[in-house]
Amino acid sequence: MESKSGNKISLSFEPSKNFFKRCSRLSALIRLLLVSLITSSCAQSITENIERGAGYMYRAGYPEVRMSAIGLFDEQSNSHINVTANIVYGSLIYKEVKQKQTAYIAIETRIVKTSGETEETVRRESYNLSVSEIEKNNITASQDVFTFDHRYAVEPGEYKVFLTVLDQSSNRHTTRQSSTIIPEADDQRPVLTNIQLLAKDNQSNHSSYEPITTYDVRGSVDSLKFVFQVTQRGPRSPITINSELVRFKSDTSYARPMAFPEPSPSNIQYKGIEYDKREVIQSSRRVLDQTGSVMVEFIFPVQARGNYRFSARINSDDEEDEIFKARDFSIKSKNYPTIKTPHELARPLVYLMGKKDYKKLMNIKDPDSLKQQIDIFWLKNIGNKSRAKQVISLYYQRVEEANKQFSNFKEGWKTDPGMIYILFGPPLYYDQYIDRMAWFYSYDRGDLRESFYFDKPKIRHPFYPFDNFILMRDFYYDSVEYQQQQIWLSGLILNGTL
């Protein structure tokens, strides 16, 4: 779900529609003015050269696709666009063919050149593929991905790349879009391509590095590789490449109880991520003195959870302005966005457990003992083993869906919208404003106990690309949250009771 949020307003009274309109308009004018002042600065050119990968774009019943497009040069300095798409196995419809579960999909790629006076489609390719179960016992529930990776020769320029995946069994399709730039190489100025992020995953059957198409990186990966190319065609002074891996200060906490006070504007939970507060993990300097295209690679061990940027800058003796490219990414939990390990299963229980019980649970280090205590928690509360399995399945399904819908600088289930989504499910309907969203679980909009309002401290813009929605908390939510927890712990959630 996409959403917008707004100004902080106490919900201890019933706000009128006109009140919200006035606040939204005033907030919009002030925020848009600030954004225009910021983005008009010369630093905007820097943010345009930061690659962040794609989001999840989750829709139940549709092919789940994540894609990226990177402009590169080959060994002969010919330009091309490398298109990579990850398609989730479990999002496809399967039929049994020769004792194998097989899905049939059609993929279309369309490359549109946007530099120039008009947009022009320069490449359009179609493929018909079948995806079959090989070693997966339950491919229909698998959150692993099938990778589509193709290279297309194009001239230097600015491009939009569209990739559509059609499930031929359901006749439903998903289209993703990415943008990339291939600079024109000449004798006067070197070219630095976008930075591609790859990872080697210990859990994968592949021993090679695989492209990362999203902002999020699973914590199970063994190492990270950053790849870019530098091209210079004419003789010139040596090129100096300065690279840096930094970690930004960011919020990694789970959502606080619904009746807690709102965080102050100076709190990291309010800000979300602070790009001006960073820790340098590693920096290096390389000097290139040869002509042609040179592939540059940097390999790092997987980092701790958090938000990072790998950047490359080119400086030379006769070049006053620098050339800058970067790849932002976030290290999340081991199997993100899915939930598999005992620790991954235990963490989201914070929304159902008391503080002392949760702390005691999280102090268990042994995975087998932890899994046993998780099972005891569910069975002790629900009683019936069969019913407990259904409740557990629903709970973690919502956790994974929250990860795919609300992921930003931290796991989606940790966000305020993620918490509400897990506990209450998707809203009956919702409203969107410039900087606010409202979720309603009753057709009576005046019933504040079944209405949730979220404020967004910052408008999305190139300098702050995340939606950081904060629940507008109030004391009366204490009983609302407790009652919903009891609905889960009694198993009544299966009856469709809010």
Side-chain angles (χ1 to χ4, degrees), residues 35-56 66-72 81-84 114-115 156-161 176-183 190-199 211-217 224-230 241-251 271-284 296-298 300 303 306-315 321-332 407-410 458-468:
V35 169
S36 64
L37 290 173
I38 294 173
T39 56
S40 64
S41 68
C42 61
Q44 186 178 8
S45 60
I46 294 179
T47 64
E48 291 174 349
N49 291 314
I50 300 174
E51 175 71 24
R52 293 188 174 93
Y56 293 100
R66 306 152 197 169
M67 67 90 72
S68 67
I70 301 291
L72 297 170
I81 294 177
N82 199 72
V83 178
T84 303
T114 58
S115 51
E158 299 180 15
Y159 293 91
K160 290 180 182 178
V161 180
R176 302 304 307 268
Q177 175 185 338
S178 183
S179 298
T180 190
I181 299 175
I182 307 177
V191 168
L192 176 63
T193 65
N194 287 344
I195 298 173
Q196 187 175 26
L197 171 59
L198 305 96
I212 300 296
T213 58
T214 60
Y215 176 76
D216 301 319
V217 180
L224 304 170
K225 179 191 285 189
F226 300 90
V227 178
F228 58 92
Q229 289 173 310
V230 179
I241 304 174
N242 294 300
S243 63
E244 192 175 55
L245 177 65
V246 300
R247 179 177 181 176
F248 298 108
K249 182 179 180 181
S250 58
D251 176 29
K271 296 179 180 179
I273 186 170
E274 294 183 294
Y275 285 110
D276 57 340
K277 294 185 179 180
R278 60 184 201 163
E279 170 193 1
V280 177
I281 306 298
Q282 184 173 322
S283 61
S284 66
V296 183
E297 296 182 354
F298 287 86
F300 298 92
Q303 303 297 307
N307 295 269
Y308 298 83
R309 173 176 296 166
F310 176 83
S311 63
R313 302 173 188 268
I314 290 182
N315 296 314
D321 57 326
E322 68 177 11
I323 305 172
F324 173 86
K325 296 286 184 180
R327 176 58 157 97
D328 283 10
F329 64 99
S330 174
I331 302 296
K332 296 290 202 297
S407 181
N408 50 28
F409 45 82
K410 63 181 178 181
K458 297 181 181 180
I459 280 185
R460 175 194 287 271
H461 58 79
F463 296 89
Y464 189 87
F466 303 109
D467 286 329
N468 180 28

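In this text the structure is predicted, and so the values were computed from the model without any measurement. Keep in mind that the numbers below use all heavy atoms, side chains included, and drop hydrogens, waters and symmetry copies.
Distance CG/N49 to CG/N194: 7.0 Å, rounded to 0.5 Å. Distance check: I81 CD1 to Y159 OH gives 6.0 Å after rounding to the nearest 0.5 Å. The CZ atom of R176 lies 10.5 Å from the OG atom of S68; values are rounded to the nearest 0.5 Å. Taking CG from N468 and NZ from K271, the interatomic distance works out to 12.0 Å, rounded to the nearest 0.5 Å. Here the straight-line distance linking atom CG of L198 with atom CZ of R327 works out to 9.5 Å at 0.5 Å rounding. I323 contributes atom CD1, which lies 10.0 Å from atom CD1 of I241 (distance to the nearest 0.5 angstrom).
Considering every non-hydrogen atom in both A199 and L224, the closest pair reads CB-CD2, 4.1 Å. Shown here for L192 and P183, the closest heavy-atom pair between the two residues is O-CG, 4.1 Å. Of all heavy-atom pairs spanning K325 and T193, the tightest one is CG-O, 3.4 Å. In terms of heavy-atom proximity, E158 sits nearest to S115 at N-OG, 3.3 Å. Between N408 and Y215 the shortest heavy-atom distance is O-CE2, 3.7 Å. Nearest heavy atoms, F226 versus F329: CZ-CE2, 3.4 Å.
Shown here are the side chain to side chain contact (heavy atoms under 4.5 Å, CB included) partners of Q282, two or more places apart in sequence or in another chain: F300. Residues meeting the salt bridge (charged side-chain N to carboxylate O under 4.0 Å, His left out) test with D251, sequence neighbours left out: K410. For the side chain to side chain contact (heavy atoms under 4.5 Å, CB included) test, residues two or more places apart in sequence or in another chain that qualify with T214 are Y56, R66, I212, D216.
Contact check for L197 versus V217: side-chain heavy atoms found under the 4.5 Å cut-off. Considering only heavy atoms from C-beta on, F409 stays 4.5 Å or farther from S330 through its side chain.
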Check your understanding: Given M67 and T213, is the side-chain contact (heavy atoms from CB on, under 4.5 Å) satisfied, shown in steps?
Key -> CA-CA 5 Å; M67 67 90 72; T213 58; 5.6 Å; no

Exercise for review: Please step through side-chain contact (heavy atoms from CB on, under 4.5 Å) for the pair S311 and F324, ending with a clear verdict.
Suggested key: CA-CA 7 Å; S311 63; F324 173 86; 3.7 Å; yes

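With Y275 contributing its side chain and Y464 its backbone, the two residues share no donor-acceptor pair below 3.5 Å. For N307 (side chain) and F248 (main-chain N/O), no donor-acceptor pair under 3.5 Å exists by modelled atom type. Although no hydrogens or angles enter the test, the distance criterion places no donor-acceptor pair under 3.5 Å between the side chain of R309 and the main chain of E244.
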